[in-house]
Structures are given as structure tokens and as C-alpha cells.
Amino acid sequence: KTDLLSDLGYKVVLGDFTKEETLKMANAGSARAIVFASDDEHVNLFGIVTAHHLYPKLRIISRAKEEPTIPKMHRGGAELAVIPEVLAALEMSNNIVKTVSI
């Protein structure tokens, strides 16, 4: 995926986003927001804490897998933590309701 993104003109940094060096190399401090979307919510949590420590004003969004992790992500510095499957289910429900209501 990194090659595809590079070919499309995006700046890509391949590395461990839980490491300060990687976030600095990615110039995260000048970003408007950062998204942690790993399949491993614990890795995302480490990224949140690291990024929030380095850049306290940076908006942080993260993927979670389980509901109990969301408050931990917020305490770690994430502004928003979401479970993608829940969002997808809500979107599908909204579409069904719109279709049935017509």
C-alpha cells in the first residue's frame, strides 16, 4: 500500500508509529490530525500516548476493537475513538430505515 500511496503523490513514512522517531520523521507535529487504524487496539493505544506526549495539541483519532478500550484511548489523548464495525452497522441501519420509509 505504501508504494501505491507514494505513486499517488502522498508522503509515506513506513515505520512503527509507537516510536517517537517515526512520528518525528513523519512530521506529525505539523499535521492537523493523526489517525491510528491498526488492527491491534493496544498498538493504537501506544501510538496515542506517544503522539499525545509529543504533540499535546494534535487531534488524535483511533480505531478500537472493543467498547471498554475507548475510554482508555480518550484518557491517553485520543479525541475520537471508534469501532469501525459499529459505524458500519449504524450506516447500514440508516440505509435500511430510509429504504423502508420511502
In Å and rounded to the nearest 0.5 Å, what is the CD to CD1 distance from E67 to I83?
-> 4.5 Å
Carboxylate-amine/guanidinium proximity below 4.0 Å for E79 and R59 = yes
Of the non-hydrogen atoms in Y55 and A28, which two are nearest, and what is the gap between them?
-> CE1-CB, 3.8 Å
When clusters are formed from ILVMFWY side-chain contacts under 4.5 Å, directly or step by step, what else is grouped with M25?
-> V13
State, to 0.1 Å, how close S62 and N44 come at their nearest heavy-atom pair, and which atoms those are.
-> OG-CB, 3.3 Å
Distance from I70 atom CD1 to E41 atom CD, nearest 0.5 Å?
-> 8.5 Å
Smallest separation among heavy atoms of I60 and A51, with atom names | CD1-CB, 4.0 Å
Indicate the atoms forming the closest heavy-atom contact of L54 with K24, along with that distance.
-> CD2-CE, 3.9 Å
State the CD1-CE distance between I48 and M73, to the nearest 0.5 angstrom.
-> 4.5 Å
Heavy-atom closest pair, residues D39 and K65 = O-CD, 3.1 Å
For residues D40 and S38, is any side-chain donor paired with an opposing acceptor at under 3.5 Å?
-> no
Nearest heavy-atom pair of N27 and K11: which atoms, and what distance?
-> CB-NZ, 4.1 Å
